[in-house]
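This report refers to the structure that appears directly beneath it.
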Amino acid sequence: MRENRPKNIYLPFIPANKTAVTIYPFIFWSKKKAGWNKNDVLVHEMYHWNEQRNWNATKTLGLGQWLSKYIFLWVWFNVIRGMGSEEHPMEKLAYLEQRNYLRGHSR
């Protein structure tokens with residue numbers, strides 16, 4: 001049975017100064033940043049959660065494939081090339097969802 005909701009785990013901090021890290025079926029939240037109270041951050045993390053859930057359900061070693069690809073691309077784009085988080089190919093759509101949410105809910 002596939003999970004319909006993430007299991008939230010609240011940690012004192014998240015490495016690399018992040019607000020949250022999603023590894024299906026969990027979302028690890030930084031207590032310090034309280035991102036679970038920010039709807040745009042929830043939208044971003046749920047994008048990753050749903051993407052990972054889909055990979056997990058449809059591919060052999062799906063979550064392992066997703067994590068391997070994510071880490072490889074992170075090393076290539078963010079470490080070697082020095083690009084920002086929003087330039088990571090697997091982050092672009094999550095950030096787009098987050099910006100669209102903010103656009104639709106701005107005053």
Report yes if some heavy atom in the side chain of [X] is under 4.5 Å from a heavy atom in the side chain of [Y]; otherwise report no.
{"X": "Asn4", "Y": "Arg53", "answer": "yes"}
{"X": "Pro6", "Y": "Phe26", "answer": "no"}
{"X": "Ile27", "Y": "Ile9", "answer": "no"}
{"X": "Val43", "Y": "Val41", "answer": "no"}

Which distance, rounded to the nearest 0.5 Å, do you find between the [atom1] of [X] and the [atom2] of [Y]?
{"X": "Trp74", "Y": "His88", "atom1": "CH2", "atom2": "NE2", "answer": "9.0 Å"}
{"X": "Ser30", "Y": "Tyr10", "atom1": "OG", "atom2": "OH", "answer": "12.0 Å"}
{"X": "Glu87", "Y": "Phe77", "atom1": "CD", "atom2": "CZ", "answer": "8.5 Å"}
{"X": "Leu42", "Y": "Thr19", "atom1": "CG", "atom2": "OG1", "answer": "11.0 Å"}
{"X": "Thr22", "Y": "Phe28", "atom1": "OG1", "atom2": "CZ", "answer": "9.0 Å"}
{"X": "Asn54", "Y": "Leu63", "atom1": "CG", "atom2": "CG", "answer": "12.0 Å"}

Notebook entry, point to check: Given the rule in the side-chain contact (heavy atoms from CB on, under 4.5 Å) test, do Asn8 and Trp29 qualify, once you have shown the distances and angles that lead to the verdict?
Noted result: CA-CA 7 Å; Asn8 296 297; Trp29 297 97; 2.9 Å; yes
Can you check whether [Y]'s main-chain N or O pairs, donor with acceptor, with [X]'s side chain at less than 3.5 Å?
{"X": "Gln65", "Y": "Thr60", "result": "yes"}
{"X": "Lys38", "Y": "Lys33", "result": "yes"}
{"X": "Trp49", "Y": "Pro25", "result": "yes"}
{"X": "Lys32", "Y": "Leu11", "result": "no"}
{"X": "Asn56", "Y": "Gly62", "result": "no"}

Checklist line | Trace of the side-chain contact (heavy atoms from CB on, under 4.5 Å) decision for His105 with Asn39 | finding: CA-CA 10 Å; His105 292 85; Asn39 288 335; over 6 Å; no
Notebook entry, point to check: So does Arg99 pair up with Glu86, basic N to acidic O under 4.0 Å?
Noted result: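 Salt bridge: yes.
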Check: Which residues satisfy the ring pair (Phe, Tyr, Trp, His ring centres under 6.0 Å) test with Phe13, sequence neighbours excluded?
Finding: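 Phe13 satisfies ring pair (Phe, Tyr, Trp, His ring centres under 6.0 Å) with no other residue.
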Next item on the list: Spell out, yes or no, whether Trp55 and Phe72 are grouped together once hydrophobic residues are joined by side-chain heavy atoms under 4.5 Å, including indirect joins.
Entry: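 Same cluster.
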Next item on the list: Give a yes or no on whether Met46 and Ile14 share a hydrophobic cluster (residues Ile, Leu, Val, Met, Phe, Trp, Tyr; joining criterion: side-chain heavy atoms under 4.5 Å apart).
Entry: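 In one cluster: yes.
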Item checked: side-chain hydrogen bond (donor to acceptor under 3.5 Å, both in side chains) involving Trp66 - partner list, sequence neighbours excluded ->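 Only Glu51 meet the side-chain hydrogen bond (donor to acceptor under 3.5 Å, both in side chains) criterion with Trp66.
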Margin query: Checking Leu73 against Met90 for the side-chain contact (heavy atoms from CB on, under 4.5 Å) test, could you report, in this order, the C-alpha distance in whole Å, the side-chain angles of both residues, the deciding distance, and whether it holds?
Written below: CA-CA 8 Å; Leu73 292 171; Met90 294 172 77; 3.9 Å; yes
Residues 91-98 side chain polar contacts: donor-acceptor under 3.5 Å, at least two apart:
unit_1	atom_1	unit_2	atom_2	d
Glu91	OE1	His44	NE2	2.9
Glu91	OE1	His48	NE2	2.9
Glu91	OE2	His48	NE2	3.3
Glu91	OE2	Tyr70	OH	2.5
Gln98	OE1	His44	ND1	3.0
Gln98	NE2	Asp40	OD2	2.9

